Amino acid sequence: MRAFQRAYSEKRPIVHELPPYNLFAAADIPYRQYTLKLQQTSIALEPGEAWDQAIGIIATARRPIILMGHGAVMEDATQELLALAQRIDAPIMTTLRAKDHVHGAPGYLGLMGISCRTEAIDAILASDCIISFGASLNTYTTGEGAYLNDKRIVCFNNMSLDVGKYVVPDVTLTVGLKSAINYIIHWLDEAEVEGSGFAQEEVVIRAQDAIRLPRTLQNPEFNEPGFLTYDKAMQVIDESLGARILVTEGGRYKYSAWHNIFVDDARDFIPSLSYGCIGIGLGHGVGAALAKPDSTVIIVVGDGGMMNAGMAELQTIQNEQLNVIVVVCNDGAYGAEYHKFIECGRDPDLTLMKQPNFSDIATALRASSIKVEKVGDLPLLRQKMKDWQGKGLLLIELVVDTRSSE
C-alpha cells in the first residue's frame, strides 16, 4: 500500500522488494480490506495563516533566491518561476535534478549545493531568504544546511518530497506550483510590493558573469595550457553535439560533466547517483537511448565503474547500433578515494589500478573510439565526433593525471 501511495504522490516508479522468506511464511491473520489513500495535491489558494506567512516573508525579503527543484520541472512551471524572479528581482538557482532547466535566464546562478560553482557561493551566503519550488532541500542541495544559515525558508511543493526530513522551513505549502506562483504575484501586485533589487547587486552580477565562463580548477598547476583536464575535454564534447541526454555515474569527474555538458531540458539529465554505487550508468544510458532514439546519449563513467559493471553494456550498445557516446574518465585509480587518502595523510597506493586500454576494447567491438591523453589531442576529438555517424558506440577515453582534482 505504501509503495502505491508513493508511486502516485511522487510520480515516479517505486520498487517494492518482497523478502524471499515471506513467500514461504504461513500467517493465520484474518483478511482485512484496505483502502488506498492517495495523497492529492492541494490547490486551495484562499488566504490563511500559512499563506499570509509565506507571502509576508517573500514581500519583506531583501535578498531572496528562488530555488527550482525537480517538482517544478515535472509541472512545467518554468515560465511562472521566471516571471516571479523578475517580479521580485531575485536570482534563480536549481537543484541538481533540475540542472540547466533555466540555463541562461536573467539572474541564473546555476546549481545550488555542494556541486555549485564556487563563484556563486558568495551570492548564496549573502541572501536572506530561499524560496523553494518542488525541492526537498536535501543535504546535497543545502550544503548540509550551511547554505541556509540565518535565512528564512519558504517551501512550495506539488508532491511528497520528505520536506522537513532535512530542513524545517519557516513555512511549507503543498500546492500546484503554477497556480501558487500566480497567486503570489497577484498579492505582491495588490500590496504594491517593490522588487528586492538583489539580482542587480554586485555579488550576484559578479557570480552570473563568472559562471558564463568555462570552469577552471582551483590548483593553478592543472590549468596550464598543455595540461589535459576533464573540463577541457568536456567543453569540446559539449560544443560538438546537438540534442543530447546526459547520464553520469558517481565519481570525482561527474562535477566536470555537470558544469560543462549542458542539456536543454532537465528531464534529459540522468544522474545515476540514487543507488549509491558505480557501474550502473551504462545500463541507464542504454535505457535512455531506446526511449529517445533521436537524441545522442552521453554516458560519463569512470574507469573503476567501467570495470565494475560497464564492459558488457558496450557490446549491447554496439549490437543494437544505439546512438551512444561513452566517455571513460581514466585516471588509473578510484580517484575520489585517492584524494581522500591524500587529504588524510595516507599512502594512496591502494586506490591505484592498472586498467586496460578501453579504446582498444571498443575497436575490437568494431566501434568508433579515440584515446585523448593531451591537450593536443582535442582537435582530433572534435573531428572524431564530427565524423561519427551516430549509429553504434563511440567510446572516448580521457586519460588524466591522477593528482588533478575533479
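Just so it is clear, the structure is predicted and the values come from calculations on it, not from any experiment. Side-chain atoms are counted along with the backbone in the values below, which use heavy atoms only and exclude waters and symmetry mates.
Although no hydrogens or angles enter the test, the distance criterion places a donor-acceptor pair under 3.5 Å between the side chain of D170 and the main chain of I153. D303 contributes a side-chain N or O that, together with a main-chain N or O of G332, makes up a donor-acceptor pair within less than 3.5 Å. Q318 contributes a side-chain N or O that, together with a main-chain N or O of L393, makes up a donor-acceptor pair within less than 3.5 Å. Of the possible donor and acceptor atoms, none in the side chain of K151 sits under 3.5 Å from a partner among the backbone N and O of L148. The backbone N or O of Q79 sits nowhere less than 3.5 Å from a side-chain atom of K178 that would complete a donor-acceptor pair. Looking only at distances, a side-chain donor or acceptor of N158 sits under 3.5 Å from a matching main-chain atom of G71. Looking at R63, its side chain never comes within 3.5 Å of a backbone N or O of E201 through a donor-acceptor pair.
A side-chain donor from one of D231 and S256 sits under 3.5 Å from a side-chain acceptor of the other. Donor-acceptor pairing under 3.5 Å is lacking for the side chains of H70 and T95.
Contact check for M234 versus C329: side-chain heavy atoms found under the 4.5 Å cut-off. Put simply, the side chain of I66 reaches to within 4.5 Å of the side chain of I88, judged on heavy atoms. The side-chain heavy atoms of F133 and I181, taken from C-beta on, include a pair separated by under 4.5 Å. Side chains of L322 and V297 form no contact here, defined as non-hydrogen atoms less than 4.5 Å apart. Side-chain contact between R382 and E239 is present, with heavy atoms from C-beta onward closer than 4.5 Å. Using a 4.5 Å heavy-atom threshold, the side chains of I211 and H259 count as separate. Contact annotation: the side chain of M385 approaches that of L381 to within less than 4.5 Å [non-hydrogen atoms, C-beta and beyond]. M74 is listed as a side-chain neighbour of R267, based on a closest heavy-atom distance under 4.5 Å.
Residues G176 and E75 approach most closely at C-OE2, 3.7 Å, considering heavy atoms. For I124 against I65, the heavy-atom pair with the smallest separation is CA-CD1, 3.9 Å. Summarising the geometry of P271 relative to R97, their closest heavy-atom pair is CG-CD, 4.1 Å, with the distance given to 0.1 Å. Minimum heavy-atom separation, A288 to I270: CB-CD1, 3.9 Å. Closest heavy-atom contact between V204 and P91: CG1-CB, 4.0 Å. R252 approaches D401 most closely through the heavy-atom pair NH2-O, 3.8 Å.
Heavy-atom contacts from other residues, nucleotides or ligands closer than 6.0 Å to CG of D265 number more than 12. In Q321, the CD atom is crowded: over 12 heavy atoms of neighbouring residues, nucleotides or ligands sit closer than 6.0 Å. In the displayed structure, F262 atom CZ is contacted under 6.0 Å by more than 12 heavy atoms of other residues, nucleotides or ligands. Q53 CD: more than 12 foreign heavy atoms inside a 6.0 Å radius.
Atom OG1 in T248 sits 11.0 Å away from atom CD1 in I298 (nearest 0.5 Å). In this structure, T351 OG1 and H339 NE2 are separated by 9.0 Å, a value rounded to the nearest 0.5 Å. Atoms CG and NZ, from N330 and K371 in turn, are 7.0 Å apart once rounded to the nearest 0.5 Å. For the atom pair CG of L173 and OH of Y183, the computed distance is 10.0 Å after rounding to the nearest 0.5 Å. Put simply, CE on M306 and CG on L395 are 6.0 Å apart, with the number rounded to the nearest 0.5 Å. If you take CG on L394 and OG on S359, they are separated by 11.0 Å, rounding to the nearest 0.5 Å.
Using a cut-off of 4.0 Å between Lys/Arg side-chain N and Asp/Glu carboxylate O, D209 and R206 are scored as not salt-bridged. A salt bridge links R244 to D238: at least one charged side-chain nitrogen sits closer than 4.0 Å to a carboxylate oxygen. The pair R62-D128 does not count as a salt bridge, with every side-chain nitrogen at least 4.0 angstrom from each carboxylate oxygen. At a threshold of 4.0 Å, the pair K384-D377 does not count as salt-bridged, since none of the basic side-chain nitrogens sits closer than that to a carboxylate oxygen.
Of the listed residues (V300, D268, D100), just one forms a side-chain contact (heavy atoms from CB on, under 4.5 Å) with L246, and that residue is V300.
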The test is side-chain contact (heavy atoms from CB on, under 4.5 Å); show your working for Y253 and E249 and say whether it passes. CA-CA 9 Å; Y253 55 84; E249 279 203 355; 3.3 Å; yes
Start with the C-alpha distance between V324 and V286, add both sets of side-chain angles, then the distance that settles side-chain contact (heavy atoms from CB on, under 4.5 Å), and finish with yes or no. CA-CA 8 Å; V324 173; V286 168; 6.0 Å; no
Would you check, one step at a time, whether the test side-chain contact (heavy atoms from CB on, under 4.5 Å) holds for F358 with M311? CA-CA 9 Å; F358 294 107; M311 298 291 282; 4.2 Å; yes
Does L228 form a side-chain contact (heavy atoms from CB on, under 4.5 Å) with V399? I'd like the steps, not just the answer. CA-CA 8 Å; L228 179 66; V399 182; 5.6 Å; no
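In summary, the aromatic rings of W258 and Y230 are positioned with their centroids too far apart to meet the 6.0 Å limit.
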